[in-house]
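For reference, the structure discussed in these notes is given below.
Note that the structure is a prediction, hence the values are computed from the model and not measured. The chains referred to below are lettered A, B, ... by the order of the sequence lines, with proteins before strands, and numbering in each begins at 1. Only heavy atoms go into these numbers, but all of them, side chains included; no hydrogens, no water, no symmetry mates.
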Amino acid sequence: MTLNKKLAVMAAILLLIVLPMLITNNYFRHIIIIIFLSIIFGQSWNLLGGYTGQVSFGHALFFAIGSYGTVLFITNQSLNELGGLFGHTLDPILALLFGAFCTIVITFILGLMIFRLRGPYLGLGTLALAQIGMVIAMNWKSLTNGGEGILLLDVPPIGPIELLGKLPFYYLSMTLMLFSVFFVYHIINSRMGYFLMAIREDDDASEAMGVPTRKYKILALILSAFLAALAGGFNALYVGFISPHDVFALHISIQMIFITIVGGVGTIMGPIVGAVLLTILSEVFQAYLGNAHLLVYGGLLVLVILYMPEGVYGFIKQKWERKRMVTAGAGITGGEPD
Amino acid sequence: MDLFLQTLISGIMTGGIYAIIALGLTLIFGVMRIINLAHGEFLMLGMYGSYFMFTFLGIDPFASLFITTPAVFLLGIILYRYFVSKATDGENSLILTAGISLVIANAAMLLWSPDYRHLKVSYGTEVLQLGSVSVSYPMLISFIITIAVTMALYWFLNKTDLGLAVRASAQQPEAATVVGINVKRIAMFTFGLGAAFASISGSLLSPVLYAYPTIGTLFVVKAFVIVVLGGMGSVEGALIGGIILGITESLGSVYISTGMTDAFGLILFLLVLLFKPSGLFGITAR
């Protein structure tokens, strides 16, 4: 990262920290929280689908396990005793981590099997996994309370901070969002990141070059699922209610894909752009189209795949760089010196 | 024993309709290697087409079939020509069809509201008594049409020039091009044909099921299960797979529970996909 970029990132973070002072309207705060959540969605899916090239249609599964793990940690007596180790001061955080831990364990087992599949078949397989998860959650009534779902009556505080109103959730989601962005950024700029991108470009060739492809696909799946689980856990704390039909829903998996693809696959900025764009658009259109606002989602996706394969962010970046190149080129051919 | 026989027969009837949905999907996959996630929406359009023709014009769903099916066939061709054929690889076309599916389902929701609609034909509740087993008339007619349609497809693929061209494009796209088959046009035609099959099943289901804009999702998952069980791209496999799924669901919902049956189907789907990708019967894709 260049110094300029570092300064820009720091300025952006500072802005996010003071933003709630400027925006006091609860509705707008809610929208920003949803954008943060969507960014985590996008970063999670992008790590596996964008950087590693393994398209999943079942990320709702990881979201759901994360949210059930989080809720059960708070509502289940024996699990909750684990929180006693910290004097119950960190319960929501521990609950999030417990949800993520459950997801990692289950994802590891699934990862061992699911990467027998490639390309579109992997998409179908993961789709089926999420559906199976939903059926299990519907029928395992003693754990999940079946289709009625679980209501989280009161969320325990984090230390002295009561999780009430929008403000604490704003900062919690902001922290998780920033964590997800830096987490993926760090992976992508490590040795592992190059392995993942090699697998995306050519699975067999990278195996031949000595990349342990299976191991790294499973690792990418686990890390991606970990982020999705954090999003699920946060969502459960924020909404206060989960049911199999809400958290295992196909539209959650699809939303993660759309945010990434509309924004720009395989870039850090892409999911951020996609999350902002899609959240605002769907809020605006929800007012006009009601339930049918997903029409805009679908239409935008079709247009982006056909006409902007690099996504909205990639498209803008390309235009901007071309413009800069044209100006630079003018300098060489005898135009005005800078 | 009567209950068993009754359940078995109704399972076979439903399975026949599942088979037509799966036939459309497997045709498209066989020729273009495209997994069409918008397949269920074509079924939904067929259902609504028959519903509206019955409500406003009084045309029987088994007759309006001959109007809705060509319409959806055309829609399929247009969608393929201008959208689906432009996607570059398998994953992209998968995501693209997911987008198309969302657009069609939500446009339907906007135009026709998310209400459940029911088409009530006069013979809707009448049954044919065969000894101790009773069969509902709409289901029986649907089953007969299913058999006719499947036989027509079989004849088409094996005996006509166009059918042979479709099979050639599925088996060896390059070789087919060399011998003068316009593979792109065949692909377009096949996509329309696949959509038409989904639409037929929608019309057949319209007297027995409620129509609503997102009903497609329910059936597209079933169609995938069938296609994977029977072997991707295999016509015979789709037929056998459809009947097996119909019987399993029907027996399962009577003797076990509906929820568990759904899970069973999906788990079987995943296992076959993982360990025997050519399908349960080893009929290889053609």
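- When heavy atoms are compared at a cutoff of 4.5 Å, A:Leu300 does not approach chain B at all.
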Report task. Quick one: do A:Leu117 and A:Ile114 satisfy side-chain contact (heavy atoms from CB on, under 4.5 Å)? Show the steps, please. Result -> CA-CA 6 Å; A:Leu117 303 176; A:Ile114 202 75; 4.1 Å; yes

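- For chain B, the nearby parts of A:Met113 are the backbone and the side chain; heavy atoms of each come within less than 4.5 Å.
- Taking A:Leu122, A:Leu127, A:Leu301, A:Leu295 one by one and counting their heavy-atom pairs under 4.5 Å with chain B, the maximum is reached by A:Leu295.
- The parts of B:Phe83 that come within reach of chain A are both its backbone and its side chain, each placing non-hydrogen atoms under 4.5 angstrom from that chain.
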Query raised in the report: Does the side-chain contact (heavy atoms from CB on, under 4.5 Å) test come out yes or no for A:Lys217 and A:Asp203, once each step is laid out?
Result: CA-CA 10 Å; A:Lys217 279 182 193 171; A:Asp203 203 326; 2.8 Å; yes

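- Checking side-chain atoms of B:Ser50 against main-chain N and O of B:Met47 turns up no donor-acceptor pair under 3.5 Å.
- With ring centers used as reference points, A:Phe63 lies under 6.0 Å from A:Phe41.
- Classification of the B:Tyr51-B:Tyr48 ring pair by plane angle, with boundaries at 30° and 60°, yields perpendicular.
- Looking at A:Ile257, the atoms closer than 4.5 Å to chain B (heavy atoms on both sides) all sit in the side chain, from C-beta outward.
- Using a 4.5 Å cut-off between heavy atoms, A:Leu124 contacts chain B through both its backbone and its side chain.
- Of the atoms belonging to B:Leu37, it is side-chain heavy atoms, and not backbone ones, that fall under 4.5 Å from chain A.
- In terms of heavy-atom pairs under 4.5 angstrom with chain A, the leader among B:Ile104, B:Leu274, B:Val228 is B:Leu274.
- Note on A:Leu294, A:Ile136, A:Val55: by heavy-atom pairs under 4.5 Å with chain B, the leading option is A:Leu294.
- For B:Leu270, the part lying under 4.5 angstrom from a heavy atom of chain A is the side chain only.
- Neither the backbone nor the side chain of B:Thr97 comes within less than 4.5 Å of any heavy atom of chain A.
- Ring orientation note: the planes of B:His118 and B:Tyr210 are tilted relative to one another, at an angle of 30° to 60°.
- Defined by atom type and a distance below 3.5 Å, a donor-acceptor pair is present between the side-chain atoms of A:Ser224 and A:His59.
- Checked against A:Leu47 for a side chain to side chain contact (heavy atoms under 4.5 Å, CB included), the options A:Thr260, A:Leu221, A:Ile188 give a single hit: A:Ile188.
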